[in-house]
K.L.:
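Pasting in a structure now, in structure tokens, and then I'll have a few things to ask.
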Amino acid sequence: MIERRLEAIRALLEEQGLDAVVVTKYVNLHYFSGFRGDDTTLVISKDKAALITDNRYTEQAGQQAPLFEIVEQQEGLLSKTTEVVKSFGCQKVAFEGNALIYDDFQKLTELLTGVEFTTALHLDKLREIKDKEEISYIRRACQIADKAFEEVLTYIKPGVTELAVAARLENAMRENGSEKPSFTTIVASGLRGSLPHGTATDKVIEAGELVTMDFGGMYQGYCSDITRTICVGEASDRQRFIYNKVLDAQKMALGLIKPGASGKTVDLAVREALDKDDLGKYFGHGLGHSLGLEIHESPRLSSKSTCESLQPGMLVTDEPGVYIPGWGGLRIEDTVLVTESGSEALTCANKDFIEIR
């Protein structure tokens, strides 16, 4: 897997007329080398690859990144990175424009005398299509999240707090193999349901309230993302009506996510479906985003999406929602794999309207 990733980055270097790139973004260190530590840089040229780190990580790096020369730094990561670049004989070197902080860029520019260090590359695009190993990790992360939802249903009741529900979800994911939550767990109940990113608070959940839970686990560094909304107690007719309309839109989108579909088209179809019941105006965010080593990646499903054609191996979330100030809201979300013939929801937890009584 790492061999193919290095081939892709070297093809990009050839295309851009570059000799090497300095990789600094944590998830890209992992992706291109296999190493899962920090305080590290990679220097990847057309025929060489070095991983520069300190003695806390040299043994780990040797085990996790066998295709890289492991270079130990003792007096400064940037100065040792400079030494490696020069030892490789590189004249035109790129950096990660969306990851290298300005102070480090300035320092490297000063140190790399005689080297053209002016080209910014965005390496994240090389991660858009997942390989079989990545998909297997994400599938496992989704299974962990599904199991946590199943377990939390036995815990939620009137009188518990949102924070307690979030803790139970996160603990269940840990017990089922998650390294950590893939993002800050969202639990929004009652009127707080109108907050799309309403992270858990000490608010007490009351009977008759909708509870939206957006959470995910991490397995081998890869994320899952799922949202389920339930009702604690008996639901009102309006709660049932809006839930079913969002669920219909979410299922429709799942059918539209397939090779060749554009991010804008899928997003627009969901908005038009919700507009039929005057609910589209309460759906303010994009329909979905990709995920992998990061919880938010490209491509995206939105009105501003630049994805003209989804490809097999891409992942996107499918997460329509309705958020009404003064009433509350709800969202239903799955992590979805684009397959050769269509799509597959990797999160499989129950989406029927659940009333906990």
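Everything quoted here is computed from the prediction, not taken from an experiment.
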K.L.:
Looking only at heavy atoms, which two atoms of Ser343 and Thr339 are closest? And how far apart?
P.N.:
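That closest heavy-atom pairing would be N-OG1, 3.4 Å.
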K.L.:
With sequence neighbours left out, write down each residue that passes side-chain hydrogen bond (donor to acceptor under 3.5 Å, both in side chains) with Arg127, or none if nothing qualifies.
P.N.:
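With sequence neighbours excluded, Arg127 shows a side-chain hydrogen bond (donor to acceptor under 3.5 Å, both in side chains) to Asn28, Asp124, Glu294, Glu297, given in chain and number order.
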K.L.:
What are the two closest non-hydrogen atoms of Ile138 and Gly292, and how far apart are they?
P.N.:
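Shortest heavy-atom separation between Ile138 and Gly292 comes out as CD1-CA, 4.1 Å.
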K.L.:
What's the shortest heavy-atom distance between Leu210 and Cys231, and which atoms?
P.N.:
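Closest approach of Leu210 to Cys231: CD2-CB, 3.9 Å.
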K.L.:
Can you list, by chain and residue number, the hydrophobic cluster partners of Leu268 when the side-chain cut-off is 4.5 Å?
P.N.:
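None; Leu268 is a cluster of one.
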K.L.:
Is the side chain of Ser182 donor-acceptor paired with the backbone N or O of Met218 at a distance under 3.5 Å, no angle test?
P.N.:
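No.
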K.L.:
Could you check whether any side-chain N or O of Glu179 sits under 3.5 Å from a backbone N or O of Gln220, counting only pairs where one atom can act as donor and the other as acceptor?
P.N.:
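Judged by distance alone, yes, a pair lies under 3.5 Å.
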K.L.:
Not counting sequence neighbours, list each pair that qualifies as a ring-ring contact (aromatic ring centres under 6.0 Å, His included) and has a residue in residues 29-55.
P.N.:
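Checked against ring-ring contact (aromatic ring centres under 6.0 Å, His included) - neighbours excluded - the pairs reaching residues 29-55 are Phe35-Tyr57.
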K.L.:
Looking only at atom types and distance, does a side-chain atom of Glu96 sit under 3.5 Å from a main-chain N or O of Thr24, one as donor and one as acceptor?
P.N.:
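Yes, the answer is positive, given that a donor and an acceptor are paired below the 3.5 Å cut-off.
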K.L.:
Donor-acceptor pair, Gln73 side chain versus Lys80 backbone, under 3.5 Å?
P.N.:
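Between the backbone of Lys80 and the side chain of Gln73 there is no qualifying donor-acceptor contact (under 3.5 Å).
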K.L.:
Apply side-chain contact (heavy atoms from CB on, under 4.5 Å) to Glu72 and list each qualifying residue two or more places apart in sequence or on a separate chain.
P.N.:
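Glu72 satisfies side-chain contact (heavy atoms from CB on, under 4.5 Å) with Asn55, Thr58, Gln74 once adjacent residues are dropped.
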K.L.:
What is the minimum heavy-atom distance between Cys307 and Ser305, and which atoms define it?
P.N.:
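Cys307 and Ser305 have their closest heavy atoms at N-OG, 3.1 Å.
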K.L.:
Quick one: side chains of residues 105-115, donor-acceptor pairs under 3.5 Å with protein atoms, not counting sequence neighbours, listed by atom name and distance.
P.N.:
unit_1	atom_1	unit_2	atom_2	d
Gln106	NE2	Tyr102	OH	3.1
Thr109	OG1	Phe105	O	2.8
Thr113	OG1	Lys86	NZ	3.2

K.L.:
Any chance NZ of Lys351 has more than 12 other-residue heavy atoms, nucleotides or ligands included, within less than 6.0 Å?
P.N.:
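Yes, enclosed.
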K.L.:
Hey, is the main chain of Leu29 close enough, under 3.5 Å, to the side chain of Arg36 for a donor-acceptor pair?
P.N.:
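Absent.
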K.L.:
If you look at every heavy atom in Cys90 and Ser45, which pair is closest and at what distance?
P.N.:
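Looking at all heavy atoms of both residues, the shortest contact is SG-CB, 4.2 Å.
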K.L.:
Keeping the roles fixed (side chain from Arg192, backbone from Thr199), state whether a donor-acceptor pair exists under 3.5 Å.
P.N.:
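Indeed, once roles are kept as given, a pair shorter than 3.5 Å links the two residues.
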K.L.:
Enumerate donor-acceptor pairs with a distance under 3.5 Å from any side-chain N or O in residues 150-159 to protein atoms, sequence neighbours excluded.
P.N.:
unit_1	atom_1	unit_2	atom_2	d
Glu151	OE2	Asn176	ND2	3.4
Thr154	OG1	Glu151	O	2.6

K.L.:
With sequence neighbours left out, which residue pairs that include part of residues 157-214 fulfil the ring-ring contact (aromatic ring centres under 6.0 Å, His included) condition?
P.N.:
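Output for this query is empty, none listed.
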K.L.:
Please determine if Asp334 and Arg228 form a salt bridge, counting it only when a charged side-chain N lies under 4.0 Å from a carboxylate O.
P.N.:
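Between Arg228 and Asp334 there is a salt bridge, with a charged N closer than 4.0 Å to a carboxylate O.
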K.L.:
Main chain of Cys348, side chain of Asp146: is a donor-acceptor contact present, judged purely on distance under 3.5 Å?
P.N.:
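Here the side-chain-to-backbone pair exists.
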K.L.:
Please confirm whether the backbone N or O of Asp318 pairs with a side-chain atom of Gln250, one donor and one acceptor, at under 3.5 Å?
P.N.:
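Yes, Gln250 side chain to Asp318 backbone: donor-acceptor pair under 3.5 Å.
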K.L.:
For residues 315-338, which residue pairs qualify under ring-ring contact (aromatic ring centres under 6.0 Å, His included), counting only residues two or more places apart or in two chains?
P.N.:
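Every pair satisfying ring-ring contact (aromatic ring centres under 6.0 Å, His included) with a residue in residues 315-338: His285-Tyr323.
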K.L.:
Applying side-chain contact (heavy atoms from CB on, under 4.5 Å), name anything that partners Asp104, two or more places apart in sequence or on another chain.
P.N.:
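Checked Asp104 against side-chain contact (heavy atoms from CB on, under 4.5 Å); matches are Leu78, Leu100, Ile101.
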K.L.:
Any Lys/Arg nitrogen of Glu355 or Arg240 sitting under 4.0 Å from an Asp/Glu carboxylate oxygen of the other?
P.N.:
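Here Glu355 pairs with Arg240 in a salt bridge, since their nearest N and O are under 4.0 Å apart.
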K.L.:
Using a 4.5 Å cut-off between side-chain heavy atoms of Ile, Leu, Val, Met, Phe, Trp and Tyr, which other residues end up in the same hydrophobic cluster as Val204?
P.N.:
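Besides Val204, the hydrophobic cluster comprises nothing; the residue is isolated.
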K.L.:
For residues 234-265, which residue pairs pass the ring-ring contact (aromatic ring centres under 6.0 Å, His included) check, not counting sequence neighbours?
P.N.:
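Residue pairs passing ring-ring contact (aromatic ring centres under 6.0 Å, His included), neighbours aside: Tyr243-Phe353.
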K.L.:
Look at Arg4 together with Asp131 and state whether they make a salt bridge at an N to O cut-off of under 4.0 Å.
P.N.:
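A salt bridge is absent here (no side-chain N lies under 4.0 Å from a carboxylate O).
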K.L.:
For Thr306, enumerate each residue passing the side-chain contact (heavy atoms from CB on, under 4.5 Å) test, keeping only those at least two apart in sequence or located in another chain.
P.N.:
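Checked Thr306 against side-chain contact (heavy atoms from CB on, under 4.5 Å); zero matches.
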K.L.:
Check whether any side-chain N or O of Asp277 sits under 3.5 Å from a backbone N or O of Leu279 as a donor-acceptor pair, and report yes or no.
P.N.:
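No: the side chain of Asp277 does not pair with the backbone of Leu279.
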